[in-house]
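Have a look at the structure below before the remarks.
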Amino acid sequence: MLAKRFDTDVFVVGGGPAGLAAAIAARQKGFDVTVADAARPPIDKACGEGLMPDSLCALAELGVSLDGQPAGVFRGIRFIGPTESVDACFPDGAGLGIRRTLLHALLVERAEKLGVRFLWNTAFRGLQHSAIQFDGGSRRARWIIGADGQNSQLRKAAGLDASQVWNRRIGLRRHFAVAHWSEFVEIYWAGGAQAYITAVAPREMCVAIISQKKLPSFDLGLAMFPRLAERLEGVAATNFPRGAPTVSRRLKSVCRGNVALVGDASGSIDAITGEGLGMAFRQALALSAALVCGDLSLYAQAHRRIAALPDFMARTMLLMDRSALLRRRALSVLSRRPALFEQLLSVHVGHAPLRYFGRGSISDVAWQLLTA
């Protein structure tokens, strides 16, 4: 009966990392899966290209290994201000920096090996009950997954667009042909902006600048961080800058009927956390478990749990972005009390519970920074 009613068990709109992760997770559970995307690989996006240890664990559950790939290893995070700096190692494991295009290729390869079908160069055009309409035809699916990014058309068609947007910023990314000088992801802080430095290969580095205001150029953005600009003076860039918005959005609901959303289509957090991909991978795994049970409410509950910690950390760090006083105070306190930074990082990667900081509110952390 299902074979007569549906062309596929699961239809995924969006073939980026979130959509591919959802397809892989569903296929691992035995579902027949089709993915459609308006683009064709390799699909790139401006991002910091770092995967935290918890993100790598979720990626491993999807059967994707980065062993043997050209990547950069980082042991922790370093905050760098105009005069102070502080760093801490992850409590367990290491992170990896990898080019977005290479990660996408590995996800496509894994999906293909599992038998996922692809419709590249196929734009989503509409939704009618269980039928997805796209260029050249339509497909009937038992489950429909929206993974088509921040401006998701499927989200709008499914009536899931109701949301709260509480922050918007702009990111610029560029790569440089140089070996990273540190075993950390370095985050440079300036007024209303941060620069993230991540090794993505033995001799290639990703520099991502995130700002409240649109930057006239990458070079002018880099000039906001004199210590970093000095390090990169004379170093050859390997590509042109690429930009993208980073939006903090919370949806009223991520499921409706037989439709579920993953990745940025399901809401997003500021890129300051570095957890966008990790969240998408964990959402994909949770969604596949809900599909097995035939109950998307289970996914809705899991989605809230997955988003809680990154949302808390994003709001906490954005306080430093908005307040020069808090930023100076926080960097000064953390440089004098590196153990506090270690505790924050431990919470950030899910190694310690959020209740570590009292009642778990942003004000608890801010109060510790202001009164330490």
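Below, all heavy atoms of this structure are taken into account, side chains as well, without hydrogens, waters or symmetry copies.
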Closest heavy-atom pair and its distance - Ser248, Asp270: OG-N, 3.4 Å
Flag for His180-Glu204: side-chain donor and acceptor within less than 3.5 Å: no
ILVMFWY cluster membership beyond Met279 - transitive side-chain contacts under 4.5 angstrom: Ile269, Ile306
Donor-acceptor contact below 3.5 Å, side chain Ser346 vs main chain Glu342: no
Stepwise salt bridge (Lys or Arg N to Asp or Glu O under 4.0 Å) test for Glu112 and Arg27: CA-CA 10 Å; Glu112 288 176 340; Arg27 191 73 190 98; over 6 Å; no
Asp44 versus Thr101, side-chain donor and acceptor atoms under 3.5 Å: no
Verdict with supporting geometry, Ile144 and Ile132, side chain to side chain contact (heavy atoms under 4.5 Å, CB included): CA-CA 8 Å; Ile144 300 169; Ile132 304 94; 3.7 Å; yes
Flag, side chain of Arg139 to backbone of Phe6, donor-acceptor distance under 3.5 Å: no
Nearest non-hydrogen partners of Ser130 and Asn258, listed with the distance: OG-ND2, 3.5 Å
Arg100 and Glu49 ion-paired at < 4.0 Å: no
Derivation of the side chain to side chain contact (heavy atoms under 4.5 Å, CB included) call for Trp143 and Thr8: CA-CA 8 Å; Trp143 304 105; Thr8 185; over 6 Å; no
Nearest heavy-atom neighbours spanning Ile77 and Phe184: N-CD2, 3.5 Å
Common cluster, Leu59/Val349, ILVMFWY with side-chain heavy-atom separation under 4.5 Å: no
Donor-acceptor contact present, side-chain Ser297 to main-chain Asp295, <3.5 Å: no
Donor on one side chain, acceptor on other, Asp219 and Ser217, under 3.5 Å: no
N/O donor-acceptor pair under 3.5 Å between Ser152 side chain and Gly149 backbone: no
Asp9 and Arg142 ion-paired at < 4.0 Å: no
Single-linkage hydrophobic cluster, 4.5 Å side-chain cutoff, Leu298 and Leu285 together: no
same_hphob_cluster(Ile98, Val200) at 4.5 Å side-chain heavy-atom cutoff: no
Any donor-acceptor pair under 3.5 Å from Asn121 side chain to Asp37 backbone: no
Minimal non-hydrogen separation, Phe281 against Pro17, with atom names: CE2-O, 4.3 Å
Salt bridge flag under 4.0 Å for residues Lys45 and Asp264: yes
Min side-chain heavy-atom separation Arg125-Asp135 under 4.5 Å: yes
Ionic contact status for Arg282 with Asp54, cut-off 4.0 Å: yes
Spacing of OG belonging to Ser268 relative to CD belonging to Glu275, to within rounding of 0.5 Å: 14.0 Å
Minimal non-hydrogen separation, Arg327 against Gly192, with atom names: NH1-N, 4.3 Å
N-O pairing of Glu183 and Arg78 below 4.0 Å: no
Polar side-chain atom of Thr238 near backbone of Ala177 as donor-acceptor pair, under 3.5 Å: no
Val116 and Thr34: CA distance, side-chain angles, deciding distance, side chain to side chain contact (heavy atoms under 4.5 Å, CB included) verdict: CA-CA 6 Å; Val116 173; Thr34 301; over 6 Å; no
Hydrophobic cluster membership, Leu277 vs Val247, 4.5 Å side-chain cutoff: no
Any donor-acceptor N or O pair under 3.5 Å, side chains Arg173, Asn239: no
Backbone N/O of Leu291 and side chain of Tyr299: donor-acceptor pair under 3.5 Å: no
Salt-bridge contact Arg169-Asp321 (side-chain N to carboxylate O under 4.0 Å): yes
Check: Ser335 side chain, Leu331 main-chain N or O, donor-acceptor pair, under 3.5 Å: yes
Flag side-chain contact, heavy atom, 4.5 Å: Gln283 against Leu261: no
Co-members of Ile80 in a cluster of I, L, V, M, F, W and Y side chains, linked at under 4.5 Å: Leu172, Phe176, Val178, Trp181, Tyr188, Ile197, Met205, Val207, Ile209, Leu215, Phe218, Leu222, Met224, Phe225, Leu228, Leu232, Val235
Trp189-Phe79 aromatic ring centre distance below 6.0 Å: yes
Modelled atom types, side-chain donor and acceptor of Gln69 and Arg99, under 3.5 Å: no
Where Arg110 and Leu62 come nearest, the two heavy atoms and their spacing: NE-O, 3.0 Å
Other residues, nucleotides, ligands: >12 heavy atoms within 6.0 Å of Arg249 CZ: yes
Other residues, nucleotides, ligands: >12 heavy atoms within 6.0 Å of Arg75 CZ: no
Val73 with Met52, same ILVMFWY side-chain cluster at under 4.5 Å: no
Heavy-atom neighbours of Arg168 CZ exceed 12 at 6.0 Å: no
Leu296/Arg256 under side chain to side chain contact (heavy atoms under 4.5 Å, CB included): CA gap, chis, key distance, verdict: CA-CA 8 Å; Leu296 289 182; Arg256 185 174 186 180; over 6 Å; no
Flag, side chain of Tyr196 to backbone of Ile272, donor-acceptor distance under 3.5 Å: yes
Exercise: do Ser266 and His303 side chains pair donor with acceptor under 3.5 Å: yes
Criterion salt bridge (Lys or Arg N to Asp or Glu O under 4.0 Å) on Asp161 and Lys156, from CA distance to verdict: CA-CA 5 Å; Asp161 227 15; Lys156 184 176 180 180; 5.9 Å; no
